[in-house]
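The next block holds one structure in the form of structure tokens; read it before the comments.
Since the model is a prediction, treat every value here as computed from it, not as a measurement.
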Amino acid sequence: MVLSTVMVTLSGCGSNNASTTSPTTKPVESAKATEGAKAGGTKLAGDFEIQYFVGGYGDAWWKQAIADFQKQNPDLKIKESAGAKINDQMKPRWLQGNPPDFVYIDGAGSNTRQMVTDDQLMDITDWLKEAKNVDGKKILDLLIAPPEEYKPGKAFAVPLVFGSWGTFYDKALFKSKGWEAPVDFQSFMALGEKIKADGKMSDYIHTGVYPYYINGALLDPTIIAMNNYDTSISKKINTLEKGVWKSEPVMKALDKIVQIRDKGLIDKASPALNHTDSQSQWLQHKAAFIPTGIWVESEMAKDIPAGFEFGFLPSIGQDKGGKFVANPYTSTVGIAKKAKNPEAAKAFMQFIFTEKQSKLWAELSKAPSNIKADLEGTNAPALTKEAAKFYNSPNTVVAPEIVIPEELVTARNNATIALTKGEITPQQWADRMEEATDKIRAKEKK
């Protein structure tokens, strides 16, 4: 499985920072206009509206992909509703039943699970089972991460962006210090002790203001590793299964955070820092490691010191001899249930889920997508290529994305930051989470 294209976004994270700069490298050749793209064998015409969020990945890929699609479908009148605040701007129309036809669900103010709960997205289960892209390949066969089942056996959105959390370091620094990048928790802790003894920097800095960084990059992949790499525990978390937060894999993962904390390896400033502040300090070598996402190179482009060389580890919580665990953060695309031109929306989906578009995304957005493609020979950044190699390695387990209700995300963030500060124990963390989950279950039953 070889990987490619688009990338991730969160409130307070990489792709929430609006950027619409043009690419500085020449992208791969875009798809040539052939016969007009068709869905259901009919020529596409009429109005067709696409909504997309513009964040850390910019809008260069969207502009080119839409322009190419327009060339193949000259009778379509395509409208782009886009920008850094587009989710909030379009919300009234979604609530009024007048949505765009096609939507990229990413950035602050958007949530695929919530849109499914609110019955805003079209059920594309049957169509997607056999849907082929414009190259004649089944879309489902090209995906790294499959569509999340927000309802059992149902598909409402397809992951377009495959962002991955991970632990990052400076390869150049490590070479100069003679440090080996850790391959498991034991070697991470051993190196941490060496860095601490050196006294020139902290071992691990994280974004206390946004605790989902440490959840996504450290806690979640460690839970999978502690479950003997059985990814089904992610589904138990997503379905809010009672008792899952107190299960053995979760408790073991929490204990590893406590070990890092109690060894004094977490930078003392972490709880007060946001994502860009912590990333800036890390770039200045005030800490050796940081949990974040692959968007970091693009997001911090203006602050990267000369000679800095991005290193990436999908996970650090696995025990000696274990596999890496890649914890994805996907951003999806879907078709509005009340779309006025659903055929054009399906055709656009068939157009963008191709290897060509995957490579184009990697170059223009400087991040990998959810579409399998070989990035060697492209102008994609070295970090994106390195991450792709991990995703395609038999020594890496790609976990399902954890998608929980927003209020539970908040509860987990608060519990994790309290744990890293030593204010609560792992058992109290689990108690908080079970209590918060019980309340959500009770609401969903009403």
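The distance from atom CG of D303 to atom CD of Q281, rounded to the nearest 0.5 Å, is 12.5 Å. For the atom pair S202 OG and W282 CH2, the distance stands at 14.5 Å (nearest 0.5 Å). If you take CD on E148 and CD1 on I402, they are separated by 10.0 Å, rounding to the nearest 0.5 Å.
Side chains of W94 and Q51: a donor-acceptor N/O pair is present below 3.5 angstrom, by distance only. Side chain to side chain, T222 and Q318 fail the donor-acceptor criterion of an N or O pair below 3.5 Å. A donor-acceptor pair shorter than 3.5 Å cannot be found between the side chains of W61 and E363. For the residue pair T416 / N215, a side-chain donor-acceptor distance below 3.5 Å is found, with atom types taken as modelled. Side-chain atoms of S81 and E49 form a donor-acceptor pair, as typed in the model, at a separation below 3.5 Å. Side-chain contact, Y52 with E80: a donor N or O sits under 3.5 Å from an acceptor N or O. Side chains of S278 and T207: a donor-acceptor N/O pair is absent below 3.5 angstrom, by distance only. Between the side chains of D267 and S270, no donor-acceptor pair is found at a separation under 3.5 Å. Defined by atom type and a distance below 3.5 Å, a donor-acceptor pair is present between the side-chain atoms of D431 and Q427. In the model, S393 has no side-chain atom that pairs as donor or acceptor with a side-chain atom of N395 under 3.5 Å.
Salt-bridge check for K439 with E434: failed, with every basic side-chain N at 4.0 Å or more from each acidic carboxylate O. Ion pairing of D68 with K63 is absent here, as no side-chain N (NZ or NE/NH1/NH2) approaches a carboxylate O to less than 4.0 Å. Ionic pairing of R113 and E406 is not present here: no N-O contact between side-chain nitrogen and carboxylate oxygen is shorter than 4.0 angstrom. Residues K385 and D374 are not paired through a salt bridge, judged by the lack of any N-O separation under 4.0 Å between the basic side chain and the carboxylate. For E241 and K235, the salt-bridge test fails: no basic side-chain N is under 4.0 Å from an acidic carboxylate O. Using a cut-off of 4.0 Å between Lys/Arg side-chain N and Asp/Glu carboxylate O, K252 and E248 are scored as salt-bridged. In this structure, D198 pairs ionically with K177, as a charged nitrogen and a carboxylate oxygen lie closer than 4.0 Å. Residues E376 and K359 are not paired through a salt bridge, judged by the lack of any N-O separation under 4.0 Å between the basic side chain and the carboxylate.
In this structure, the ring of W179 has its center no less than 6.0 angstrom from the ring center of Y169. Residues W295 and Y329 place their aromatic rings such that the two centres sit no closer than 6.0 Å. Between F162 and Y391, the ring centre distance stays below 6.0 Å. Residues F289 and Y204 keep their aromatic ring centres 6.0 Å or farther apart. F312 and F310 have their aromatic ring centers separated by at least 6.0 angstrom. Ring centroids of W165 and Y213 are separated by less than 6.0 Å, placing the two rings close together.
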Test ring-ring contact (aromatic ring centres under 6.0 Å, His included) applied to F156 and Y150, step by step: CA-CA 8 Å; F156 294 87; Y150 298 98; 7.7 Å; no
Evaluate I316 against F324 for side-chain contact (heavy atoms from CB on, under 4.5 Å), listing each step before the verdict. CA-CA 8 Å; I316 56 171; F324 287 103; over 6 Å; no
Let me see the working for Q259 and D255 under side chain to side chain donor-acceptor pair (under 3.5 Å), right down to the final yes or no. CA-CA 6 Å; Q259 288 184 53; D255 180 65; 2.9 Å; yes
Checking R412 against D220 for the salt bridge (charged side-chain N to carboxylate O under 4.0 Å, His left out) test, could you report, in this order, the C-alpha distance in whole Å, the side-chain angles of both residues, the deciding distance, and whether it holds? CA-CA 12 Å; R412 191 164 79 133; D220 291 341; 2.7 Å; yes
Residue pair T396, V325: steps toward the side-chain contact (heavy atoms from CB on, under 4.5 Å) verdict: CA-CA 6 Å; T396 302; V325 178; over 6 Å; no
Check against side-chain contact (heavy atoms from CB on, under 4.5 Å), V158 and L128: CA-CA 9 Å; V158 185; L128 189 59; 3.8 Å; yes
Can you list the steps and then say if R441 with D438 is a salt bridge (charged side-chain N to carboxylate O under 4.0 Å, His left out)? CA-CA 5 Å; R441 271 196 231 97; D438 284 342; 2.5 Å; yes
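Side-chain atoms of T384 never come within 3.5 Å of backbone atoms of A380 as a donor-acceptor pair (strictly under, hydrogens ignored). Although no hydrogens or angles enter the test, the distance criterion places no donor-acceptor pair under 3.5 Å between the side chain of N227 and the main chain of Y229. Using modelled atom types, no side-chain atom of T167 and backbone atom of P291 make a donor-acceptor pair closer than 3.5 Å. For the pair N133 (side chain) and F353 (backbone), a donor-acceptor distance under 3.5 Å is present.
Classified by interplanar angle (parallel below 30°, tilted 30° to 60°, perpendicular above 60°), the ring pair W62/Y104 is tilted.
The salt bridge (charged side-chain N to carboxylate O under 4.0 Å, His left out) check on K196 picks up nothing, with sequence neighbours excluded.
Annotation for A288 and I195: closest pair CB-CD1, 3.6 Å, computed over non-hydrogen atoms. When all heavy atoms of D184 and K320 are compared, the closest pair comes out as OD2-CA, 3.4 Å. Nearest heavy-atom pair, P159 versus L143, reported as atom, atom and distance to 0.1 Å: O-CD2, 4.2 Å. In terms of heavy-atom proximity, I417 sits nearest to G208 at CD1-CA, 3.5 Å. Annotation for P426 and V258: closest pair CG-CG2, 3.7 Å, computed over non-hydrogen atoms. The two residues A155 and P147 have their closest heavy-atom pair at CB-CB, 4.4 Å.
For E180, the CD atom counts as loosely surrounded, since its 6.0 Å shell holds 12 or fewer non-hydrogen atoms of other residues, nucleotides or ligands.
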